[in-house]
Chemist: 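Structure in structure tokens, see below.
Quick caveat: nothing in here was measured; it's all calculated off a predicted structure. Each chain gets a letter, A, B and so on, in the order its sequence line appears, and its residues count up from 1.
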Protein chains: 2
Amino acid sequence: MSKKSASARGRPKTLDRDQILQTALMAYWEQGPANVSINDICHLTGASKPGVYREFESDDGLKRSVLEQYRGLAIQPVIDILERDQPTLETLDALIGFMTQERAPLGLPSGCLFVMMRAQSHHFGPSTREKLTMLRSDLLGHYETWIERSKSRGEFADIPTEIAALFMDAQHGGAMRMQREGVPNTTIARVLEISLKTPIVGAGPARA
Amino acid sequence: MSKKSASARGRPKTLDRDQILQTALMAYWEQGPANVSINDICHLTGASKPGVYREFESDDGLKRSVLEQYRGLAIQPVIDILERDQPTLETLDALIGFMTQERAPLGLPSGCLFVMMRAQSHHFGPSTREKLTMLRSDLLGHYETWIERSKSRGEFADIPTEIAALFMDAQHGGAMRMQREGVPNTTIARVLEISLKTPIVGAGPARA
DNA sequence: AATATAAAATACCAGTAGGTACGATAATGA
DNA sequence: TCATTATCGTACCTACTGGTATTTTATATT
């Protein structure tokens, strides 16, 4: 890991890895990964194509790295919410709040790159696909531990943990898809209130 | 409309429109629309490229036509279930049954082409996008009339109809995505039991 | 038989994708 | 000073995309 600051031997590198990652991340997120070529990223960043390939090895490698970057940006916050020790209902509210946050003021695209990439994982190389699978099972794992903790407090319905985790993941994916299709965040939040809270804490509307 | 059987003037057409549509439909469904080129479809069907363009005008036109075809195959059955005059719970069971049907024995790919295409609608031409939007609002409309009918029988929770329709659409999309990711249909069905039934008829597990 | 019509398919177009060979360049170590 | 090392970027490669110009062929009409 101590390769950066130590003066290397040859010509010093001018290529800005983080800038490329950030630019690619935003371009993928906004336009969809399949609509952004390596050439596009070169033009956007001013980097040369061999430079990008030297740094990331291949299209597959770049996408894998972007996904890693995206994890810190948009998946970890979800995990952080799950790991705060809060009453179940408050966690659910925090999740809904995070998902339906207005993106434009933050300069962030709508939808979720992770969800988008999962939906078209067969377009990607093996390395990216592997990363996708790992991120997915990691996220599901965090859902599961949170569910178990909620259950131990008696604050979670009697649903098998594995099923409940898939259920929460599905609600998240649904919300992100709606956002991409232009459904207003307030509306998405109302849907999530019903779809997330009712099955989990029974806090939904009265039955007719 | 009486152009087919009437003997036309020039060279008789040998191009089989339906075969192309069917082949393209299956290829799109299996591999994702973005992974199937017109060339692929030509090779699969034996048709020549200008023939395909003569029939469908463009990539956009072909995709629109395929989508139309897909409607009859996989969207209309859902609408038919909604239009059967059944108790709400039976309709929900029928929907869950349809979504989690084993596809392999029927020779059908898993997932839903409509859901896939909605998720990447920005890859397509204007005509295809228009069709997608129309299909979406048509489906949502059918959900809404079914919801209203259920409400009038007192068999639907007190959820605004528009919200409930988006909710149902989201559950459908989530199920199709899980299926694509390889989640077993029995598991998906259990998730749907919770996510669909609990909010709508309160038939979920007891709260803790 | 000659002509009009329409569909057939080969062979091509420009554009772009992912990827790389290779000579130039900027630093360090001897 | 001079070799060594490593990154630089131009210019290129092949493959394939959506799309079409052009010629040939099979029919119906005259």
Side-chain angles (χ1 to χ4, degrees), chain A residues 2-21 23-24 27-28 31-66 117 120 122-129, chain B residues 2-20 23-24 27-28 31-67 117 120 122-129:
Chain A
S2 59
K3 274 185 181 174
K4 278 285 176 60
S5 50
S7 59
R9 192 79 192 293
R11 177 172 177 170
K13 94 169 0 172
T14 58
L15 181 136
D16 187 342
R17 185 177 215 270
D18 282 350
Q19 187 216 357
I20 291 176
L21 274 180
T23 306
Y28 288 159
Q31 308 167 44
N35 291 341
V36 180
S37 70
I38 303 238
N39 285 307
D40 292 335
I41 290 163
C42 291
H43 290 144
L44 285 169
T45 57
S48 71
K49 207 165 7 161
V52 172
Y53 278 90
R54 250 191 308 277
E55 187 69 30
F56 299 100
E57 186 167 7
S58 64
D59 191 52
D60 191 23
L62 172 60
K63 274 171 180 128
R64 185 200 177 94
S65 301
V66 167
M117 289 181 79
Q120 37 188 300
H122 48 286
H123 294 242
F124 308 125
S127 176
T128 306
R129 275 210 296 268
Chain B
S2 59
K3 273 182 180 172
K4 279 285 175 61
S5 52
S7 59
R9 190 79 190 293
R11 178 172 175 169
K13 97 170 357 171
T14 59
L15 180 138
D16 187 341
R17 186 177 213 269
D18 282 351
Q19 187 217 359
I20 292 176
T23 306
Y28 289 160
Q31 310 168 42
N35 291 342
V36 180
S37 70
I38 303 236
N39 285 308
D40 292 335
I41 291 163
C42 291
H43 290 144
L44 286 168
T45 57
S48 72
K49 205 157 24 151
V52 172
Y53 277 90
R54 223 174 293 124
E55 187 69 30
F56 300 100
E57 186 168 8
S58 65
D59 191 52
D60 192 22
L62 172 60
K63 273 169 181 130
R64 184 200 178 92
S65 300
V66 167
L67 210 40
M117 290 181 80
Q120 37 187 303
H122 48 286
H123 294 240
F124 307 124
S127 175
T128 306
R129 275 210 296 269

Chemist: Spell out protein contact along nucleotides 8-20 of chain C as letters: B when the base is contacted, S when just the sugar-phosphate is, - when no protein heavy atom is under 4.0 Å; keep the 5' to 3' order.
Modeler: BBB------SBBB
Chemist: Check R64(B) with D60(B), please: is the shortest side-chain N to carboxylate O separation under 4.0 Å?
Modeler: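 Judged by the 4.0 Å cut-off on N to carboxylate O distance, D60(B) and R64(B) do not form a salt bridge.
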Chemist: Can you tell me the distance, in whole Å, between the NE2 atom of H43(A) and the P atom of dG9(D)?
Modeler: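 So the two atoms are 13 Å apart, to the nearest Å.
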Chemist: Which donor-acceptor pairs under 3.5 Å do side chains of residues 49-56 of chain A form with protein atoms, sequence neighbours excluded?
Modeler:
unit_1 : atom_1 : unit_2 : atom_2 : d
K49(A) : NZ     : N39(A) : OD1    : 3.3
E55(A) : OE1    : K13(A) : NZ     : 2.8
E55(A) : OE2    : R17(A) : NE     : 2.6

Chemist: In the structure I gave you, are the side-chain heavy atoms of T128(A) and H123(A) within less than 4.5 Å of one another anywhere?
Modeler: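 A side-chain contact is absent here, since even the closest heavy-atom pair is not under 4.5 Å.
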Chemist: Shortest non-hydrogen contact from Q19(A) to T23(A)?
Modeler: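 Here Q19(A) and T23(A) meet closest at O-OG1, 2.7 Å.
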Chemist: Whole angstroms only, please: what is the CG-P distance between L62(B) and dG18(D)?
Modeler: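 The distance from CG of L62(B) to P of dG18(D) comes to 10 Å, rounded to the nearest Å.
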Chemist: Round to the nearest Å and state the distance from R9(B) atom CZ to dT27(D) atom C1'.
Modeler: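 To the nearest whole Å, that distance equals 9 Å.
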Chemist: For V36(A), is there any backbone N or O sitting under 3.5 Å from a side-chain donor or acceptor partner on D40(A)?
Modeler: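 Answer holds: no.
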